[in-house]
Each structure stands twice: as C-alpha cells, then as structure tokens.
2 protein chains.
Amino acid sequence: MSNNRNKEVENLAACFKALSNPHRLRIFIKLITCCSPGTSCPVKDGMSACVGELGKDLGLAASTISHHIKELHTAGLLRMERSGQRIECRVDVDALRKLSGFLAGWGIGISPATLDHATSIELKDQTNGR
Amino acid sequence: MSNNRNKEVENLAACFKALSNPHRLRIFIKLITCCSPGTSCPVKDGMSACVGELGKDLGLAASTISHHIKELHTAGLLRMERSGQRIECRVDVDALRKLSGFLAGWGIGISPATLDHATSIELKDQTNGR
DNA sequence: TCGATTATTCGACATATATCGAAGTATACC
DNA sequence: GGTATACTTCGATATATGTCGAATAATCGA
C-alpha cells in the first residue's frame, strides 16, 4: 500500500525527469505535434515519427538522440516499433493522460484533497512493453 | 519569437526538472495536499506550510530540504514568505495550472495540433517575484 | 553478397545533482 | 544581552547526466 504509493511517486518523478531536459522535451513536443491530425506528416499514422526525424534540428550526435529517446521510452512516455530500417516512435497517450491528470487535479482548481486518488493513477507498469 | 519559444520550452523543462526528484516531488505533493480545504492544517491559510514541516519524514538533513525547496522555488512552482521564525511556502497555482495546461492539451484528448498555443502559455517569468 | 541507411551500444569525459555536517543569519522569547 | 528555533549557505564528496565519436547491429536494394 504505502509501498505501492512510493512506487507511484517514483514513476511520476521518472516521467518528469524524462521531460526535464530541454532537448528531450523538444523531441517529445515534436512527436506530439509533427503528426497530429490535420498536419502533413512523413508517417500517415497519427503521432508517430522515426528516431532520425525527431532528432533533426537539435544539433546533437545521433548517439545522443538515441540516448534521449531511450530515456523517454524507459519512462513510458513513448512506444517504439521497428518498421523496416526505421524505428517508429509514438506517444504513449495513456502515460501522457495520467501525467496530465496528476497535475490537473489541483492546478486547474478541480477537486483538491484527493491525493489518494490522484497519486493512485497507475502510471505505466515498468515491466511491460519495453 | 523563436527565441521566445525557446525560453518557454526551457521554462517548462525547468519545472519538470524541479519535479523530477522523488524527494522534491514528495515535498510538492505534501504542500498541495496537507493544507487543502477541508484538511486540518497547522497553517490556516490554504496550501501553505513551513519548510520544516514539508521536509519531515523524508529522512534528509535540514540543509538538503532547504536545497530542494529552493529548487522548487527557483522553478517558480512555489512561493515563499517569511512569517516570524518560519518561512511559509505555498504552491504557485498559476505555474501549476500552466504546467498542467501544457500536458492536458494533448494527453486528455482535447484539441491537439495546437502547439503554437500550448507552448506559448507563458510560464512564470523568471525575473519577477523571487 | 555488398554497400547504404538507420539506429544502438560502448567508453570517455566534463558538468550537474544530491547529500551531508558545520558554520552563519534571522527571529522570538527570557 | 543571551539562548533557542528555523532556515540558509558553504565546502566536500559521491553519483548521475549529457555529450561525443567509434564500433556494432539490423534492414533494405542493387
């Protein structure tokens, strides 16, 4: 229970850490926007782009981009799937929603006093899908 | 413009960084909940607690707590005000709302394709109030 | 099979972060 | 003034992070 709660806070912190680096945040933003509905996008499927595209314009070495994307992936914020030579990345909408829910619970003025509920949003279980 | 956009991403990243450490996140959560309406709280004023209270139960040295709270403060997530011997901390609801707004824009499924708007939420200007 | 493209892993390195204890500052109370 | 309480600043130190380039792996096309 309390142990569980601990794990939730750790997960939450891990997500924030993944977004805490400007380069990574930029990658994440690009992923979210570059392929959103209505935008022309190299990949037809919504919210998806390959590693190379995401890293463009950041002025970083390929290995560094790869490292950053791995961080986002490990935090559960994005999913990766091989497609030929490329590896497609897409936002994990669930994780994003949960993260957003945590902040929205208060910030926006909606029901506070609900830590029990708010921190029990189960962030992506670290053991599956990676 | 683009320079401005850069600064916004930096600010956003700085906020995430402040919340990326489990100890700091715990402090932040405590601050948000311990004194929310309806809860009995050492400080009557909603969402406020002194440095010492926030750091309790974390098993950290006072200097470390101080350091963490300073980080949260620098990121603009909380305000501090001297009150006698104590220093009262309260969440900066504006910053929280903006942070939350950034994630909520997508995550929750509300209008995507609005990066222009979403990243132009002006996060607290680093130069005032600290 | 060979070369091109795309991405990851590895080792090195500089910088940043988390942490402590000791010393310093500010305020309150006697 | 002197002492207690609350917090911050400073210096030290161990660990984590961001970055690169070189080497490796996976896939495609000729």
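Lettering of chains follows the sequences in order, A, B, ..., and the numbering in each one begins at 1.
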Output the rounded distance in Å from [atom1] ([X]) to [atom2] ([N]).
| X | N | atom1 | atom2 | answer |
| --- | --- | --- | --- | --- |
| Lys70(A) | dT17(D) | NZ | C1' | 13 Å |
| Ile87(A) | dA26(D) | CD1 | P | 11 Å |
| Glu71(B) | dT8(D) | CD | C1' | 14 Å |
| His67(B) | dA12(D) | NE2 | P | 18 Å |
| Glu81(A) | dA26(D) | CD | C1' | 16 Å |
| Leu25(A) | dG18(D) | CG | C1' | 16 Å |
| His68(A) | dT19(D) | NE2 | C1' | 8 Å |
| Met80(A) | dA26(D) | CE | P | 15 Å |

In terms of ring plane angle, is the pair Phe16(B) and Phe16(A) parallel, tilted or perpendicular, where the classes change at 30° and 60°?
->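 Taking Phe16(A) first and then Phe16(B), their aromatic rings lie parallel (interplane angle under 30°).
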Nearest to the side chain of [X], heavy atoms from C-beta on, is which of [options]?
| X | options | result |
| --- | --- | --- |
| Ala62(B) | dT8(D), dT19(D), dA6(D) | dT8(D) |
| His23(A) | dT19(D), dA26(D), dA4(D) | dT19(D) |
| Leu60(A) | dT8(D), dC7(D), dC20(D) | dC20(D) |

Any donor-acceptor pair under 3.5 Å linking the side chain of Ser66(A) with the backbone of Ala62(A)?
->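 Side chain of Ser66(A) to backbone of Ala62(A), a donor-acceptor pair under 3.5 Å: no, none is there.
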Backbone of Gly84(B) reached by a side-chain donor or acceptor of Arg82(B) within 3.5 Å |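 A pair under 3.5 Å: yes.
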Does any non-hydrogen side-chain atom of Leu12(B) lie less than 4.5 Å from one of Arg26(A)?
-> no
Side chains of Leu96(B) and Ile32(B): does their closest heavy-atom pair fall under 4.5 Å?
->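 Leu96(B) reaches Ile32(B) side chain to side chain.
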Could you say whether Lys17(A) or Ser63(A) is positioned toward the 5' end of DNA chain D, judged by the nucleotide with the nearest heavy atom to each?
-> Lys17(A)
Note: for Gln85(B) and Arg82(A) on DNA chain D, the residue whose nearest nucleotide lies more 5' is Gln85(B)
Looking at every strand, decide which applies to Gly59(A) at a 4.0 Å heavy-atom threshold: base, sugar-phosphate, or nothing.
-> sugar-phosphate
Using the side-chain contact (heavy atoms from CB on, under 4.5 Å) rule, take Glu53(B) and Lys30(B) through it: C-alpha gap first, then chi angles, then the decisive distance, then the call.
-> CA-CA 9 Å; Glu53(B) 285 165 327; Lys30(B) 198 182 292 188; over 6 Å; no
Using the heavy-atom set of chain B and a strict 4.0 Å cut-off, write down the first and last nucleotide of DNA chain C that makes it in, 5' to 3'.
-> dT17(C) to dA28(C)
What distance separates Leu25(B) CG from His23(B) NE2, expressed to the nearest 0.5 Å?
-> 11.0 Å
